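What follows is a set of notes on a single structure, which appears directly below.
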Amino acid sequence: MTTLSSNQNLSLSEKDRLDILNLNSKHFHSLDALTYVLEGDPAETWASTFHPNGLFQTLAADGKVIFQAQGRDELIDAHRNFPDISTTRHWICNVLIEPHSIGARSASYIIAMDIGVNPAAIIRTGTYDDLLSARDGVWLYEKKVLILDAFSPKAE
């Protein structure tokens with residue numbers, strides 16, 4: 001993969017960066033089915049953070065595809081079939097947003113916690129590598145890829 005800074009001659013406005021951060025928050029609030037924050041069906045809201053043919057992938061540390069859903073219908077179905085929606089909370093940090101030839105590239109760290117046990121336990125760790133573009137002023141994911149750490153719990 002190219003480095004995030006490989007498109008230094010391109011630029012993003014502060015509004016673009018805030019819109020992308022807000023999209024990221026909407027993505028994870030809906031992924032965790034926080035219906036008291038976001039109205040509507042969490043699966044549909046999560047899928048709406050992607051362009052109509054958007055791609056979500058989970059990769060092992062070696063690059064092997066563990067999971068993939070592409071397009072609105074597959075994304076909605078995937079969300080509805082994730083086994084741990086109601087007991088998982090995602091913590092995303094160190095969000096880096098850089099210009100990219102299609103719009104923007106974003107990277108972040110992730111820790112997913114099982115909140116259905118006491119004390120809460122880490123169930124996944126890794127990084128996200130995302131490609132985004134804006135159409136009619138609205139930023140959405142073209143591709144969102146979770147790359148699990150080699151020794152992430154539940155990395156299989």
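This chain uses plain numbering: 1 for the first residue, then up along the sequence. The structure displayed is predicted, hence computed values, not measured ones.
Criterion: ILVMFWY side-chain heavy atoms under 4.5 Å apart, direct or through other members. Under it, Ile76 and Leu31 are not part of a common hydrophobic cluster. The hydrophobic cluster containing Ile123 does not contain Ile115, counting ILVMFWY residues as joined when their side-chain heavy atoms lie under 4.5 angstrom apart, directly or transitively. Residue Ile85 is grouped with residue Phe28 when hydrophobic side chains (ILVMFWY) are merged at heavy-atom distances under 4.5 angstrom, including chains of intermediate members. Tracing side-chain contacts under 4.5 Å through hydrophobic residues (I, L, V, M, F, W, Y), one reaches Val138 starting from Leu12; they form part of the same cluster. In the hydrophobic clustering of this structure, Leu148 does not group with Met113; members are Ile, Leu, Val, Met, Phe, Trp, Tyr whose side-chain heavy atoms approach within less than 4.5 Å, directly or through other members.
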TODO: Go through the steps to decide whether Arg105 and Asp129 satisfy the test salt bridge (charged side-chain N to carboxylate O under 4.0 Å, His left out), and finish with yes or no.
DONE: CA-CA 7 Å; Arg105 186 170 180 196; Asp129 184 1; 2.7 Å; yes
- [ ] With side chain to side chain contact (heavy atoms under 4.5 Å, CB included) as the test, would you mind laying out the steps for Lys26 and Leu38 before giving the verdict?
- [x] CA-CA 8 Å; Lys26 182 179 180 181; Leu38 296 171; 4.2 Å; yes
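In this structure, the side chain to side chain donor-acceptor pair (under 3.5 Å) partners of Ser133, at least two apart in sequence or on a different chain, are His51, Glu142. With sequence neighbours excluded, the residues satisfying side-chain contact (heavy atoms from CB on, under 4.5 Å) with Val65 are Gln57, Leu59, Gln68. Qualifying ring pair (Phe, Tyr, Trp, His ring centres under 6.0 Å) partners for His79, counting only residues two or more places apart in sequence or in other chains: Trp46. Every residue two or more places apart in sequence or in another chain that forms a side-chain contact (heavy atoms from CB on, under 4.5 Å) with Ala78 is listed here: Phe67, Ala69, Phe82. Scanning for side chain to side chain donor-acceptor pair (under 3.5 Å) contacts around Asp16 gives Ser13, Trp139, with sequence neighbours left out. Not counting sequence neighbours, the partners of Ser108 by the side-chain contact (heavy atoms from CB on, under 4.5 Å) test are Ile92, Val95, Tyr128. In this structure Ser30 satisfies the side chain to side chain donor-acceptor pair (under 3.5 Å) test with no other residue, sequence neighbours excluded. For Asn81, the side chain to side chain donor-acceptor pair (under 3.5 Å) test picks out Asp77, with sequence neighbours left out. A search for side-chain contact (heavy atoms from CB on, under 4.5 Å) contacts involving Thr87 returns Asp84, Asp114, not counting sequence neighbours. In this structure Lys143 satisfies the salt bridge (Lys or Arg N to Asp or Glu O under 4.0 Å) test with no other residue, sequence neighbours excluded.
A heavy-atom distance below 4.5 Å is found between the side chains of Arg124 and His90. Looking at Thr125 and Ile122, their side chains come closer than 4.5 Å, going by heavy atoms from C-beta outward. Residues His100 and Leu10 form no side-chain contact, since every pair of their non-hydrogen atoms from C-beta on lies 4.5 Å or further apart. No side-chain heavy atom of Gln70 sits less than 4.5 Å from a side-chain heavy atom of Phe56.
Here the CG-CD1 distance, from Asp149 to Ile110, works out to 9.0 Å after rounding to the nearest 0.5 Å. Atoms CD1 and OG1, on Ile147 and Thr58 in that order, are 10.0 Å from each other to the nearest 0.5 Å.
Contacts classified as salt bridge (Lys or Arg N to Asp or Glu O under 4.0 Å) and involving residues 61-72 (residues at least two apart or in different chains) are not found. Judged as a salt bridge (Lys or Arg N to Asp or Glu O under 4.0 Å), the pairs with a partner in residues 32-47 (not counting sequence neighbours) are, in order, Asp41-Arg80, Glu44-Arg80.
Of all the heavy atoms in Asp19 and Gly137, the pair that sits closest is OD2-O, 4.5 Å. Nearest heavy-atom pair, Ile20 versus Ala104, reported as atom, atom and distance to 0.1 Å: CD1-CB, 3.7 Å. Scanning all heavy atoms of the two residues, the minimum distance from Ala60 to Ile66 falls at N-CD1, 3.5 Å. Closest approach of Thr49 and Leu23 over heavy atoms only: CB-CD1, 3.6 Å.
The number of heavy atoms from other shown groups lying within 6.0 Å of CD1 (Ile111) does not exceed 12.
A donor-acceptor pair shorter than 3.5 Å can be found between the side chains of Asn24 and Tyr141.
A side-chain donor-acceptor contact under 3.5 Å links Arg17 to the backbone of Ile97.
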